[in-house]
Amino acid sequence: MSIFALVDCNNFYASCERVFKPFLEGKPVVVLSNNDGCIIARSNEAKKLGIPMGAPFFKWEFEMRRNKVHVYSSNYELYGDMSQRVMDVLAMHCPDIEIYSIDEAFLLLDGFTWQDLNNYMLDLRQKIKQWVGLPVSIGFAHTKTLAKIANYMAKNHSDSGVFDLCDSKVREKVLSEFPIEKIWGIGRQLSIRLKDLNIHTARDLRNADPKRLRSHFSVVMEKIISELRGKSCISLETLASGRKQIISSRSFGKQVTKLEELEEAISTYAATAAEKLREQESVTRNITVFLHTNTFRENSPQYGNHANHKFIIPTADTRQIVTAAKKCLRNIYRKNYIYHKTGIILQNLMPDTVEQYDLLTFPERQQSKKMMALVDSINNLYGKDTIFYCAQGIEKPWLAHFNKRTPRYTTRWQELMKVK
DNA sequence: TCTGGGGTCCTAGGACCC
DNA sequence: TCTGGGGTCCTAGGACCC
């Protein structure tokens, strides 16, 4: 039987802020989303104050000030870099690693069973704390779904920060008390329907009839049951397989009504998406552009729409993608609305090596690739947006704001920490 | 003034083909 | 005048995840 570990950083964004501000240790910390809109990360102290995940900042501002909560805008560049450092340490300790999200990774420990896994994981945890400065929790078990549960236990019911769910007696006890809505893949809707069937705990679900539940729900539910039984159905996806779609969108930092501003915004997002596309060495065949007003403002007139463009020859050229995106935007733009958000989705991605040559466009395509490679290399060397497309705008009045962002200590020379 | 952003997978249903 | 059955592909929408 295989053994999977799930390594998960504790309160990742809040912990990243603490690395560079040690005085935050033991104090409540929260991190906000774009535009300082919602609370998206909380330290344990902030959780204890009852501040919920995803709550709008303005509703909690007073309460947080009263409790001296330290509030930061999100600093994705910093978090991305810190994440990379954690993943590097993990990769040094286990060759089979799947980076599942910015703060989580699965490890396949099959080759390590000759030693005491618990000690190996304790040591790994200690090294990440010492070398990167971040606290992590590690759970391990025979399937990924069980490893998720083990990780929950490590985080909430273990002093060491490591939890072993391989032992059948321990597993039986944990599953019998583990609520279904906390199981990986069971969200709000599914847990309501499962409870109607008198299934309340992970043990109840494990003991249920997989075929019957498959007909009630879907093949996903059948897999979850197998995983709970210790039969691995969800394998480790070690290859960076490349995304199947790329989205780039943001809410605006102010009210936007003019087409010109929307065009700048969509050009900016299109350029970002195209960069990501080239990074994973893909081309897109199909893009969707959407825009909409603020659905929370029920009293102002609402409008939302989307438009599609197909490329005859798949592309990763920012110029083509920006042009197509602007064309889509003009098709769906209507005057006299206050817009809140626009964005672009690149779909039907394929490797850029699979080229459908066209006798006439071949040379043009080679030029395009060279041009884009040059732009990317300049921006990689000297920093993002060293050169950019005029269509993206210069002043960008529509840009989201981050009023409480900390310096990007690890990725910008100008923002390097100063020691006095 | 102020409510995030970026993903995946599955299913149902329509269009189309033979 | 009548109109089956099987298959594929695509899209929209729902549910979930971090």
Side-chain angles (χ1 to χ4, degrees), chain A residues 6-13 30-42 52-62 64 71 73-76 79-80 83 98-106 144-145 148 151-152 180-194 214-224 233-234 237 240-256 265 269 272-273 276-277 280 285-286 288 290 292-298 300 306 308 310 338 340-349 399-404:
Chain A
L6 176 61
V7 182
D8 189 324
C9 301
N10 301 347
N11 316 322
F12 182 57
Y13 296 170
V30 304
V31 177
L32 306 176
S33 63
N34 275 331
N35 268 323
D36 296 340
C38 292
I39 296 159
I40 52 167
R42 306 154 298 156
M53 173 76 176
F57 172 50
F58 74 95
K59 283 189 182 168
W60 282 84
E61 195 170 6
F62 180 75
M64 292 204 289
V71 179
S73 303
S74 37
N75 188 344
Y76 291 111
Y79 308 151
S83 169
E98 171 186 344
I99 298 171
Y100 180 69
S101 75
I102 192 162
D103 71 331
E104 273 178 65
F106 286 102
K144 282 171 135 184
T145 304
K148 272 270 183 186
N151 188 277
Y152 179 89
I180 40 162
E181 63 269 18
K182 290 207 161 73
I183 298 172
W184 192 34
I186 311 280
R188 258 189 59 211
Q189 304 302 320
L190 292 179
S191 63
I192 292 169
R193 289 169 60 199
L194 282 167
R214 177 178 177 155
S215 66
H216 268 82
F217 299 92
S218 77
V219 63
V220 177
M221 187 64 76
E222 191 183 16
K223 280 188 187 167
I224 292 174
C233 296
I234 308 170
E237 294 185 20
S241 47
R243 285 182 286 264
K244 295 176 179 175
Q245 61 176 33
I246 292 171
I247 303 178
S248 180
S249 76
R250 292 281 183 287
S251 305
F252 300 125
K254 67 166 194 108
Q255 299 190 335
V256 171
Y269 305 149
T272 305
K276 285 191 203 165
L277 186 66
Q280 68 167 49
R285 205 158 51 163
N286 198 335
T288 298
F290 62 89
H292 57 77
T293 53
N294 190 342
T295 47
F296 285 101
R297 312 195 144 267
E298 286 163 4
S300 54
H306 58 92
N308 206 278
K310 282 192 169 66
I338 299 168
H340 178 242
K341 184 173 180 176
T342 184
I344 181 171
I345 311 174
L346 311 184
Q347 293 146 317
N348 257 309
L349 310 188
L399 213 57
H401 35 248
F402 299 84
N403 293 328
K404 308 174 215 342

Scan [X] against the nucleic acid and name what it touches under 4.0 Å (heavy atoms): base, sugar-phosphate only, or nothing.
X: A:Phe296; result: base
X: A:Ile183; result: sugar-phosphate
X: A:Lys182; result: nothing
X: A:Asp103; result: sugar-phosphate
X: A:Ile186; result: sugar-phosphate
X: A:Glu104; result: sugar-phosphate
X: A:Ser248; result: sugar-phosphate
X: A:Ile102; result: nothing
X: A:Tyr100; result: sugar-phosphate
X: A:Lys254; result: nothing
X: A:His340; result: sugar-phosphate

What pairs with [X] under salt bridge (charged side-chain N to carboxylate O under 4.0 Å, His left out), at least two apart in sequence or on another chain?
X: A:Glu222; result: A:Lys211, A:Arg214
X: A:Lys59; result: none
X: A:Lys341; result: none

Worksheet item: For DNA chain C, what dot-bracket results from Watson-Crick or G-U pairs at under 3.5 Å, with [ ] for crossers and | for inter-strand partners?
Response: ....||||||||||||||
Worksheet item: Between A:Lys276 and A:Asn294, who's closer to the 5' end of DNA chain B by nearest nucleotide?
Response: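 This one resolves to A:Asn294.
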Worksheet entry | Gap between atom CZ of A:Arg285 and atom CG of A:Leu349 - 0.5 Å precision |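 Interatomic distance, A:Leu349 CG to A:Arg285 CZ, rounded to 0.5 Å: 10.0 Å.
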Item to complete: List in chain and number order the residues that pass ring-ring contact (aromatic ring centres under 6.0 Å, His included) with A:Tyr152, two or more places apart in sequence or in another chain; answer none if no residue qualifies.
Response: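 Applying ring-ring contact (aromatic ring centres under 6.0 Å, His included) to A:Tyr152 gives A:Phe178.
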Discussion item. Taking ring-ring contact (aromatic ring centres under 6.0 Å, His included) as the definition, give me every residue that meets it alongside A:Tyr100, ordered by chain and number, with sequence neighbours left out.
Written reply: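 Applying ring-ring contact (aromatic ring centres under 6.0 Å, His included) to A:Tyr100 gives A:Phe106, A:Trp184.
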Worksheet item: Under the side-chain hydrogen bond (donor to acceptor under 3.5 Å, both in side chains) test, which residues partner A:Trp60, sequence neighbours left out?
Response: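 For A:Trp60 there are no side-chain hydrogen bond (donor to acceptor under 3.5 Å, both in side chains) partners, ignoring immediate neighbours.
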Worksheet entry | Rounded P spacing from C:dC18 to B:dT3 in Å |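 It comes out at 25 Å once rounded to the nearest Å.
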Item to complete: Look at A:Glu237 together with A:Lys144 and state whether they make a salt bridge at an N to O cut-off of under 4.0 Å.
Response: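 Result for this pair is no, no salt bridge flagged.
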Worksheet item: Where does the chain A footprint on DNA chain C start and end, counting 5' to 3' with a 4.0 Å heavy-atom cut-off?
Response: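 Boundary nucleotides touching chain A, in 5' to 3' order, are C:dT11 to C:dC18.
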In a table with atom names and distances, give each donor-acceptor pair under 3.5 Å that connects a side chain of residues 185-193 of chain A to protein atoms at least two apart or in another chain.
unit_1: A:Ser191; atom_1: OG; unit_2: A:Gly187; atom_2: O; d: 3.0
unit_1: A:Ser191; atom_1: OG; unit_2: A:Arg188; atom_2: O; d: 3.0
unit_1: A:Arg193; atom_1: NH2; unit_2: A:His216; atom_2: O; d: 3.0

